[in-house]
Amino acid sequence: MKLSNLDKYVPGKLYKRGVDYFEQDYVKDLREDGLNRWHAVVSGTGDYHVSVILNDGDTILSSFCTCPFESDSLCKHEVAVCLAIQEHKNEYGSAPLDVLSRLKELKKAELLDLLEDLLQKQPAVNLYLVEKFSETAEMDEAKVRRMIRKSASRAGRSGFIAWDMTGLAIEGALEVQDYLDTLDPEQDGEKIIRFSLIIIYECSKMLEKADDSSGIIGTVIGESLRKIGEVMEQWPEKLDQAIIDRILDLFYPAILFHLEQDMTDLPVSLVGSLMEWSDRGDYGNKIYDFIEKIIGSEALQNKIYQYEIEQFRLFQLMILRQQGDQVAVEAFYQTHRAYPYIRKAEVERAMEAGEFEQAVRLCKESELVDSDLAGLVLDWKKKRFEAYSKLGWTKHQTALAYELAAAGEKDYYHELKKLVEADEWQKTVASLLKDLKKTRWNSDLYRFVLVEEKMTEELLEYCRSHLHTIETLYPHLLKEYPHEVNELFTSYIYQMIAPASDRKKYQEACRKIKIYKKALGKEAAAVLIDELKFMYPKRKALLDELSKISY
């Protein structure tokens with residue numbers, strides 16, 4: 001998502017509200033705290049703080065708002081701030097100001113005044129100058145740790161880093177990352193890995209005492225992980241035993257630390273980056289043994305959940321498959337079949353090899369093993385259906401498609417329709433609807449089948465039992481049952497308004513009236529509104545909201 005195309009990703013109503021906030025100048029104190037890191041306060045029912053991080057262009061990397069809005073979308077305050085940032089960029093131009101030239105024009109006294117002002121407003125500048133004036137100009141591990149810890153310390157208050165201070169807290173880490181960007185991965189790969197691991201460690205420790213709601217610290221960790229993977233991928237073809245040993249010695253304590261911290265993705269990501277070397281020479285065996293050492297560690301064996309072990313076993317399986325030792329691969333499957341992902345890999349191998357009956361057998365076994373895990377059982381059944389399809393076992397396909405459709409899987413309703421003979425279809429649909437009706441979790445597919453099969457009488461009955469569904473199902477009923485749709489829709493709206501006591505609920509009811517007007521027409525809507533005004537003459541907020549609906 002970019003500043004320039006917010007409207008394509010943010011729901012229309014939210015985007016419009018954000019535009020309104022921006023145009024009414026609700027965005028205050030917009031400032032760029034650091035390169036591409038913006039902060040602003042947005043006035044509303046209260047003052048909300050918004051942080052936005054961009055890349056070098058106008059792509060939004062992350063954003064955060066202190067309002068209670070919960071969704072994957074930007075909230076209206078974030079939209080308003082993004083629009084304000086875009087306006088600021090447009091006003092001052094996208095081309096960066098030639099600051100160096102301007103500085104060269106200033107006199108010494110003017111430069112000193114400017115620097116003093118900058119030191120007061122940007123503590124990170126003071127940190128940078130302290131490092132520049134320190135005795136050691138060369139970047140080393142001790143200096144890297146010191147830089148990261150100093151900026152974290154400056155951002156903390158009573159040992160805690162508030163959400164709006166995380167940008168300052170990671171200034172030292174960002175400066176180290178900027179330094180690493182100047183290095184050549186082929187010449188300085190080991191140094192990049194060492195310093196990146198320090199960044200990851202220090203930022204992980206930072207998370208223990210920080211509110212990283214905006215994801216700023218997590219983003220720095222993720223960037224360092226990406227950097228390590230990139231270096232491993234670009235490593236020169238020449239790879240010797242000493243290098244492998246040093247990198248493994250670096251990775252091992254880092255992996256154990258993050259296992260103990262329960263940061264599950266980090267150890268898996270680090271081992272995943274090692275896999276870049278698993279097909280080079282005989283180093284696959286060394287990496288395989290390294291993974292075994294991790295699995296046997298106290299840090300991993302003490303964990304209740306087996307997610308990491310399962311992921312590590314998959315890496316080992318990948319190494320064995322790279323080496324082409326089929327006997328070892330089959331033995332690995334047998335030894336580690338307790339892990340669902342290993343069994344899935346075994347099924348995939350059978351499918352790739354055209355051993356479809358073997359795939360069916362493995363799926364059935366896994367359905368029994370994982371019988372108390374509904375999601376996994378569903379996955380096995382879907383894979384078994386695929387194997388039946390490859391085998392051309394139509395009877396088994398049909399039975400399993402019915403079973404999956406009865407469990408609420410829409411795709412398998414379509415598969416079932418392809419498989420069942422036309423003269424048997426109505427009987428099958430009746431049975432399927434009966435089974436779907438047994439559980440409320442499958443109501444979506446139940447409604448879908450009624451619509452798809454044009455069973456309007458049953459659909460009308462369903463709407464009577466689930467009144468709120470008339471709002472979305474009326475288009476399928478209106479032609480045949482206009483009077484009934486009118487009754488159901490008005491009953492639905494009456495039920496919303498009767499217990500309502502605040503403007504928000506009245507506004508929601510009025511939104512339904514607008515849908516009703518679209519369905520039944522202006523005259524019907526006018527009658528309904530008049531009835532509501534007559535019924536509730538003392539509800540001023542309701543009368544006010546009703547008056548806003550145009551006829």
Pairing residues for S389 by the side-chain hydrogen bond (donor to acceptor under 3.5 Å, both in side chains) criterion, not counting sequence neighbours: none
For residues 207-235, which residue pairs qualify under ring-ring contact (aromatic ring centres under 6.0 Å, His included), counting only residues two or more places apart or in two chains? W235-W277
Any side-chain heavy-atom pair from Y288 and L320 closer than 4.5 angstrom? yes
side-chain contact (heavy atoms from CB on, under 4.5 Å) for S73 and L14? Distances and angles first, verdict last. CA-CA 9 Å; S73 169; L14 277 176; 3.8 Å; yes
Between S151 and G172 (side chain of the first, backbone of the second, donor and acceptor by atom type, cut-off under 3.5 Å), is there such a pair? yes
Main-chain N/O of E223 paired to Q177 side chain as donor or acceptor, under 3.5 Å: no
Close side-chain approach of S204 and H258, heavy atoms under 4.5 Å: yes
Residue pair I193, I247: steps toward the side-chain contact (heavy atoms from CB on, under 4.5 Å) verdict: CA-CA 8 Å; I193 291 172; I247 297 301; 3.9 Å; yes
List the steps and the verdict of side-chain contact (heavy atoms from CB on, under 4.5 Å) for L54 and T59. CA-CA 6 Å; L54 307 173; T59 298; over 6 Å; no
Heavy-atom donor-acceptor pair, D212 side chain to I217 backbone, under 3.5 Å: yes
E386 meets the side-chain hydrogen bond (donor to acceptor under 3.5 Å, both in side chains) criterion, sequence neighbours left out, with K383
Decide, yes or no, whether a salt bridge links E367 with K364 under the criterion of side-chain N to carboxylate O below 4.0 Å. no
Does the distance from a Lys or Arg side-chain N to an Asp or Glu carboxylate O, for E352 and R321, drop under 4.0 Å? yes
So, are E141 and R194 salt-bridged, with charged N and O less than 4.0 Å apart? yes
What pair of heavy atoms forms the shortest contact from V27 to A84, and how long is it? CG1-CB, 3.9 Å
Across all chains, not counting sequence neighbours, the ring-ring contact (aromatic ring centres under 6.0 Å, His included) partners of F448 are Y413, H414
Using the salt bridge (Lys or Arg N to Asp or Glu O under 4.0 Å) rule, take E365 and R337 through it: C-alpha gap first, then chi angles, then the decisive distance, then the call. CA-CA 11 Å; E365 289 177 3; R337 296 193 73 227; 3.2 Å; yes
Note: A299 and L259 closest approach over all heavy atoms is CB-CB, 4.2 Å
Salt bridge flag under 4.0 Å for residues K382 and D379: no
Taking the side chain as every heavy atom from C-beta outward, state whether D265 and V268 have any atom pair closer than 4.5 Å. no
Evaluate the ring planes of F290 and Y252, with Trp represented by its six-membered ring, and classify them as parallel (under 30°), tilted (30 to 60°) or perpendicular (over 60°). perpendicular
Could you tell me whether K344 atom NZ has more than 12 heavy atoms of other residues or ligands within 6.0 Å of it? yes
If you draw a 6.0 Å radius around NZ in K417, do more than 12 non-hydrogen atoms from other residues or ligands fall strictly inside? yes
Is the number of heavy atoms from other residues, nucleotides or ligands under 6.0 Å of F160 CZ greater than 12? yes
At their closest point, which heavy atom of R280 faces which heavy atom of E233, and how far apart are they? NH2-O, 4.2 Å
Which of E78, H49, K76 passes side-chain contact (heavy atoms from CB on, under 4.5 Å) with C65? It is E78
If you define the side chain from C-beta out and look only at heavy atoms, does anything of V329 sit under 4.5 Å from Y333? yes
Is the count of non-hydrogen atoms from other residues, nucleotides or ligands lying under 6.0 Å from E298 atom CD greater than 12? no
Run the numbers on D289 and K286 for salt bridge (Lys or Arg N to Asp or Glu O under 4.0 Å), then give the verdict. CA-CA 5 Å; D289 292 340; K286 197 166 191 65; over 6 Å; no
Residues E355, R361; criterion salt bridge (Lys or Arg N to Asp or Glu O under 4.0 Å); working and verdict: CA-CA 10 Å; E355 299 170 0; R361 183 183 66 77; over 6 Å; no
Does the D240 side chain pair with the main chain of I243, one donor and one acceptor, at a distance under 3.5 Å? yes
Tell me whether the rings of Y412 and F385 are parallel (<30°), tilted (30 to 60°) or perpendicular (>60°). perpendicular
K410 and D444 ion-paired at < 4.0 Å: no
Salt-bridge present (E403, K381; N to O < 4.0 Å): yes
Any side-chain heavy atom of F315 within less than 4.5 Å of one from I287? no
With salt bridge (Lys or Arg N to Asp or Glu O under 4.0 Å) as the criterion, how do E308 and R313 come out once you've worked through the C-alpha distance, each side chain's angles and the decisive distance to 0.1 Å? CA-CA 9 Å; E308 296 95 340; R313 291 295 184 200; over 6 Å; no
Pair V50, H39 - check side-chain contact (heavy atoms from CB on, under 4.5 Å), show working. CA-CA 6 Å; V50 176; H39 178 267; over 6 Å; no
Where is the tightest heavy-atom contact between L314 and A345, given as atom of each residue plus distance? CD2-CB, 4.4 Å
So do the side chains of I192 and I228 get within less than 4.5 Å of each other, counting heavy atoms only? no
Kindly indicate whether the side chain of I198, heavy atoms from C-beta on, has any atom under 4.5 Å from the side chain of V176. no
Contacts of type side-chain hydrogen bond (donor to acceptor under 3.5 Å, both in side chains), residue S278, not counting sequence neighbours: Q322
Closer than 3.5 angstrom, by distance alone: can the side chain of E310 be matched with the main-chain N or O of Y341 as a donor-acceptor pair? yes
Among residues at least two apart in sequence or on other chains, which ones pass side-chain hydrogen bond (donor to acceptor under 3.5 Å, both in side chains) with R343? S366, D370
D188 side chain to P185 backbone, donor-acceptor under 3.5 Å: no
State, with a plain yes or no, whether a side-chain heavy atom of V52 is found less than 4.5 Å away from one of L61. no
